[in-house]
Amino acid sequence: MLEINSVIELLAKEWVKLFKVRPIWTSITTIVFCSVLVVGIKYVEQVDREKRESKRLESLDYQDQINQLNQMESNVRQLLNFVDAQKKTLQETEDTISSLKLEKEKLQPLVETDRAVVEALFIAQEERTNTNIWRERWIGFGFGVAASLIASFLWFVINLLVKGRHNKASNPTL
């Protein structure tokens with residue numbers, strides 16, 4: 001800071017010497033220098049403003065990208081929630097299958113026992129049916145023979161009655 005103050009003090013002393021020697025020229029030169037300095041500062045400030053505006057516009061692109069990334073993050077979170085829900089569903093299905101397998105293992109001996117009992121019942125029923133078939137066949141055969149004998153008997157009775165009438169008609173004395 002001391003150097004800047006000493007430089008400014010040196011410049012001020014030199015300006016005062018020049019102004020004493022040539023006041024108009026020093027005033028014009030000072031006005032031109034100050035004008036160039038003001039225009040330069042304005043130009044630099046304008047360039048800086050344009051750069052800031054450009055960065056702001058770029059930051060809008062960045063803002064769009066940030067918004068898109070936020071949307072993607074939201075979508076990924078939804079996807080993760082969906083995946084978690086599917087995992088839970090699969091776990092529940094697997095648990096159900098496991099419990100059904102355990103129940104099957106518990107019921108398997110009972111089913112096998114019942115199957116053996118049912119098969120034994122079918123075999124016993126089949127044996128009874130086979131026994132009854134022969135008895136029913138013999139009974140049917142007996143009914144057939146009896147029906148045949150009765151039919152023959154009735155045939156002979158009808159023949160005798162018809163012959164007896166026929167004989168009465170041909171022999172009225174009898």
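Note that the numbering runs from 1 along the sequence shown for the chain.
- Note: the hydrophobic cluster containing Val162 does not contain Phe153 (ILVMFWY, side chain heavy atoms under 4.5 Å, direct or indirect links).
- No donor-acceptor contact under 3.5 angstrom links the side chains of Glu9 and Asn5, judged on distance only.
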Next on the checklist: What verdict does the salt bridge (Lys or Arg N to Asp or Glu O under 4.0 Å) test give for Glu92 and Lys88, after you've listed the backbone C-alpha separation in whole Å, the side-chain angles of each residue and the deciding distance to 0.1 Å?
Outcome noted: CA-CA 6 Å; Glu92 290 171 0; Lys88 287 178 184 175; over 6 Å; no
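- A donor-acceptor pair is defined here as one N or O able to donate and one able to accept, closer than 3.5 Å; no such pair exists between the side chain of Ser148 and the backbone of Gly144.
- The closest donor-acceptor contact from the side chain of Ser98 to the backbone of Glu94 lies under 3.5 Å.
- The neighbour count for Arg22 CZ, taken as heavy atoms of other residues, nucleotides or ligands under 6.0 Å away, does not exceed 12.
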Next on the checklist: Determine whether Lys20 and Val16 satisfy the following criterion, side chain to side chain contact (heavy atoms under 4.5 Å, CB included), listing intermediate values before the conclusion.
Outcome noted: CA-CA 6 Å; Lys20 285 182 182 177; Val16 169; 3.9 Å; yes
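- For the atom pair CD1 (Ile123) and CD (Gln125), the distance works out to 12.0 Å, reported to the nearest 0.5 Å.
- Annotation: Glu103, atom CD; neighbour count of heavy atoms from other residues, nucleotides and ligands within 6.0 Å does not exceed 12.
- Electrostatic pairing of Glu105 and Lys101 does not count as a salt bridge here, judged by no charged N lying under 4.0 Å from a carboxylate O.
- Cluster membership check: Leu149 does not share its hydrophobic cluster with Val157, using side-chain heavy-atom separations under 4.5 Å among Ile, Leu, Val, Met, Phe, Trp and Tyr.
- Atoms CG and CH2, from Leu160 and Trp155 in turn, are 11.5 Å apart once rounded to the nearest 0.5 Å.
- The residues Arg77 and Glu73 are annotated as salt-bridged, a charged nitrogen and a carboxylate oxygen being separated by less than 4.0 angstrom.
- Note that NZ of Lys87 and CG of Leu80 are 8.5 Å apart. Values are rounded to the nearest 0.5 Å.
- Expressed to the nearest 0.5 Å, how far CD1 of Ile97 lies from NZ of Lys104 amounts to 12.5 Å.
- Using a 30° and 60° split on the angle between ring planes, Phe141 and Trp138 fall in the perpendicular class, above 60°.
- The distance from the CH2 atom of Trp15 to the OG1 atom of Thr29 is 10.5 Å, given to the nearest 0.5 Å.
- Panel note: side chain Ser99, backbone Thr96; a donor-acceptor pair is recorded below 3.5 Å.
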Next on the checklist: If you apply the rule side chain to side chain contact (heavy atoms under 4.5 Å, CB included), what do you find for Asn75 with Gln78, and how did you get there?
Outcome noted: CA-CA 5 Å; Asn75 292 343; Gln78 288 175 353; 4.0 Å; yes
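- Atom CD1 of Ile24 has 12 or fewer heavy atoms from other residues, nucleotides or ligands within 6.0 Å.
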Checklist entry - What do the steps show when you test Ile139 against Phe143 for side chain to side chain contact (heavy atoms under 4.5 Å, CB included), and what is the final call? => result CA-CA 6 Å; Ile139 291 171; Phe143 279 136; 3.4 Å; yes
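- Panel note: side chain Ser35, backbone Ile31; a donor-acceptor pair is recorded below 3.5 Å.
- Put simply, the side chain of Val39 does not reach to within 4.5 Å of the side chain of Lys42, judged on heavy atoms.
- Contact detail for Thr26 and Leu18: the closest heavy-atom pair is OG1-O, 3.1 Å.
- Atoms OG1 and CG, from Thr93 and Leu100 in turn, are 11.0 Å apart once rounded to the nearest 0.5 Å.
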Checklist entry - Between Asn67 and Gln71, is a side-chain hydrogen bond (donor to acceptor under 3.5 Å, both in side chains) present by the stated rule, with each step listed? => result CA-CA 6 Å; Asn67 289 339; Gln71 183 64 35; over 6 Å; no
